[in-house]
Amino acid sequence: MKKLLGVTLGILTAIGGFVDIGDLVTNALVGARFGMHLAWIVLVGVIGICLYAEMSGRVVAMSGRPVFDLIRERLGPRTGLLALVASFLVTLLTLIAEIGGVALAFELASGVSYLLWMPLAALAVWLVIWRVKFSRLEQAFGLLGLLLIVFAVALFKLGPDWGQLLHQATQLHPIGHEGWATYAYYGIALFGAAMTPYEVFFFSSGGVEEKWTRRDLGTERTNVFIGFPLGGLLSLSIMGCAAVLFLPAGIQVGTLGQVALPVVVAFGKIGLAVVLIGMFAATFGAALETALSCGYTIAQYRGWQWGKFVRPREASRFHVVIIVCLVLAVLTLLTAVDPVKVTEYSVVFAAMALPLTYLPILIVANDPDYVGRETNGPVRNAVGLFYLALLTIASVAAIPLMIITKAGA
């Protein structure tokens with residue numbers, strides 16, 4: 001049981017990274033418009049995040065220090081500041097989207113406007129961060145997020161033509177009236193959602209919170225190679241449900257309620273209850289991850305005391321950063337900006353910051369001063385460089401495609 005619970009950090013990180021509000025909406029939207037024609041992007045994203053999350057976890061296990069702390073030391077304050085600004089701004093935007101996602105989940109359950117739920121959602125996030133131990137946090141929300149497996153079960157229940165779904169997944173091109181520019185735009189959005197920067201910062205900082213050492217390399221790799229593929233499977237299930245229910249009817253997904261509809265069609269009220277709990281756990285867990293990651297990145301760059309492994313008064317500046325970010329998130333959402341639109345923009349802007357996040361990790365993972373004999377081998381470095389090239393292409397293409405396609409309209 002202890003070993004099983006030790007995997008919950010990877011499950012929480014993967015649930016937050018692969019089925020947060022960004023993925024719930026983006027995967028369902030893509031499934032409704034393209035079927036499974038973009039499923040291959042999810043697989044590419046799973047391999048990429050596994051590669052770099054394993055590097056960041058290995059660095060923590062071997063050095064006892066989080067990745068962002070080492071980035072500043074290894075690359076210098078200026079380069080570290082550039083990575084900090086890019087990653088922090090994307091993480092803050094993602095936090096805004098996640099708080100909105102929690103509020104939308106409450107709106108679905110209660111019928112009360114999400115605008116009234118947002119301050120309460122942010123307060124709940126702060127209280128959990130302030131009072132709940134890190135291990136309890138990752139276990140509770142990681143395991144509750146697994147309720148989203150109901151999408152995979154619903155896909156079977158809907159009785160799809162599996163041959164048709166497989167055929168769609170092997171056709172790497174747009175369908176119908178959709179153009180290549182829109183296809184590429186949503187491909188970048190899926191890629192950005194799969195490899196969101198906060199995932200590696202939360203995962204590596206969580207390893208420090210869990211006091212990983214060299215002896216925990218097995219636990220670290222188990223977290224990576226079980227948690228993230230599981231998150232990818234859930235993403236594909238959401239996409240598949242939308243492809244089966246919405247694509248034939250020509251219905252586009254634009255709300256969280258539509259994302260949950262295939263489960264309701266398959267299982268009725270019981271399915272609705274399960275999917276609402278799963279959505280709450282996933283979005284709330286992602287809100288915890290992004291809020292903590294905002295604090296982690298700034299505190300680690302500045303050399304402040306940080307984390308939940310010390311008392312809040314000993315890491316007061318770390319907690320102040322989190323509070324300020326939560327307040328900014330609520331103030332932004334109270335302008336009545338559409339949380340779903342914030343979500344769509346956040347995953348695209350995440351793609352822009354990816355090279356600045358992952359290049360430093362690749363450099364640190366090759367430094368024997370930090371990882372000893374556990375440096376990357378030739379194969380890891382070759383695949384890592386290949387992914388850096390993909391990340392750079394996605395980063396450069398994101399804004400032009402957003403303009404050309406009018407954000408995928």
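When a residue number appears, it is its place in the shown sequence, counting from 1.
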Side chain to side chain contact (heavy atoms under 4.5 Å, CB included) between Val90 and Leu93, worked out: CA-CA 5 Å; Val90 170; Leu93 183 61; 5.7 Å; no
Trace of the side chain to side chain contact (heavy atoms under 4.5 Å, CB included) decision for Trp304 with Ile298: CA-CA 8 Å; Trp304 299 339; Ile298 290 181; 3.8 Å; yes
Intermediate values then yes/no, side chain to side chain contact (heavy atoms under 4.5 Å, CB included), Asn376 and Arg58: CA-CA 10 Å; Asn376 287 350; Arg58 179 162 30 98; 2.7 Å; yes
Side chain to side chain contact (heavy atoms under 4.5 Å, CB included) between Arg317 and Trp306, worked out: CA-CA 8 Å; Arg317 289 176 289 189; Trp306 59 273; over 6 Å; no
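With values rounded to the nearest 0.5 angstrom, Leu391 atom CG is found 4.5 Å from Phe191 atom CZ. Atom-to-atom distance recorded for Leu326:CG and Leu123:CG is 9.5 Å, nearest 0.5 angstrom. In this structure, Leu385 CG and Leu362 CG are separated by 5.5 Å, a value rounded to the nearest 0.5 Å. Gln164 CD to Leu247 CG: the interatomic distance, rounded to the nearest 0.5 Å, is 9.0 Å. Note that SG of Cys241 is 11.0 Å distant from CG of Leu236, once rounded to the nearest 0.5 Å. Here Cys294 contributes atom SG and Leu92 contributes atom CG; the two are 5.5 Å apart, rounded to the nearest 0.5 Å.
Checked against Phe318 for a ring-ring contact (aromatic ring centres under 6.0 Å, His included), the options Trp130, Tyr296, Tyr301 give a single hit: Tyr296.
Taking a 6.0 Å sphere around CD1 of Ile363, one finds it holds more than 12 heavy atoms contributed by other residues, nucleotides or ligands.
Not counting sequence neighbours, the partners of Ile129 by the side chain to side chain contact (heavy atoms under 4.5 Å, CB included) test are Val125, Leu288, Ala291, Leu292, His319, Ile322. Under the ring pair (Phe, Tyr, Trp, His ring centres under 6.0 Å) criterion, Phe151 pairs with no residue at all, not counting sequence neighbours. For Phe386, the ring pair (Phe, Tyr, Trp, His ring centres under 6.0 Å) test picks out no residue, with sequence neighbours left out.
Remark: the backbone N or O of Arg65 is paired with a side-chain donor or acceptor of Ser63 at under 3.5 angstrom. Under a 3.5 Å cut-off, the side chain of Thr255 and the backbone N or O of Gln258 do form a donor-acceptor pair. Judged by distance alone, the side chain of Tyr387 and the main-chain N or O of Val44 form a donor-acceptor pair under 3.5 Å. The main-chain N or O of Met36 is found under 3.5 Å from a side-chain atom of Gln168 such that the two form a donor-acceptor pair. Without hydrogens or angle criteria, Glu98 side chain to Ala287 main chain gives no donor-acceptor distance under 3.5 Å. Judged by distance alone, the side chain of Tyr185 and the main-chain N or O of Ala397 form no donor-acceptor pair under 3.5 Å. Proximity of a side-chain donor or acceptor of Ser316 to a complementary backbone N or O of Pro312 within less than 3.5 Å is not detected.
Applying the side-chain hydrogen bond (donor to acceptor under 3.5 Å, both in side chains) definition to pairs two or more places apart or across chains, those involving residues 33-48 are Arg33-Glu178, Arg33-Tyr186, Trp40-Tyr183. Applying the ring pair (Phe, Tyr, Trp, His ring centres under 6.0 Å) rule to pairs touching residues 80-107 yields Phe106-Trp117, Phe106-Phe280, sequence neighbours excluded. Annotation: side-chain hydrogen bond (donor to acceptor under 3.5 Å, both in side chains) contacts involving residues 390-409, sequence neighbours excluded, are absent.
Contact of the Thr297 side chain with the Thr91 side chain is not registered, since no non-hydrogen atoms from C-beta on lie closer than 4.5 Å. At a threshold of 4.5 Å between non-hydrogen side-chain atoms, the residues Ile41 and Leu38 count as touching. Side chains of Leu217 and Arg221 form a contact here, defined as non-hydrogen atoms less than 4.5 Å apart. Within the 4.5 Å cutoff, no side-chain heavy atoms of Val259 are placed close to those of Val275. Using a 4.5 Å heavy-atom threshold, the side chains of Phe246 and Leu261 count as touching. Side-chain contact between Leu29 and Gln252 is absent, with no heavy atoms from C-beta onward closer than 4.5 Å. Side-chain contact between Thr182 and Pro174: absent, with no pair of heavy atoms (C-beta onward) separated by less than 4.5 Å. You'll find the side chain of Ser87 reaches within 4.5 Å of the side chain of Phe201, heavy atoms only.
Minimum heavy-atom separation, Ala329 to Ile96: CA-CG1, 3.6 Å. A pairwise comparison of heavy atoms in Ala365 and Val59 identifies CA-CG2, 4.0 Å as the closest pair. Closest non-hydrogen pair, Tyr358 versus Met195, comes out as OH-O, 2.9 Å. The shortest heavy-atom contact between Gly372 and Thr375 is O-CG2, 3.5 Å. A pairwise comparison of heavy atoms in Pro262 and Ala154 identifies O-CB, 4.3 Å as the closest pair. Ala243 and Leu165 get closest at one heavy-atom pair: CB-CD2, 4.3 Å.
Relative ring orientation between Phe228 and Phe203 is described as perpendicular, the plane-to-plane angle rising above 60° on a 0-90° scale split at 30° and 60°.
Using a cut-off of 4.0 Å between Lys/Arg side-chain N and Asp/Glu carboxylate O, Arg380 and Glu374 are scored as not salt-bridged.
Looking at Ser205 and Gln300, their side chains do bring a donor and an acceptor atom within 3.5 Å of each other. Thr290 and Thr94 form no side-chain donor-acceptor contact under 3.5 Å, judged by distance and modelled atom types alone.
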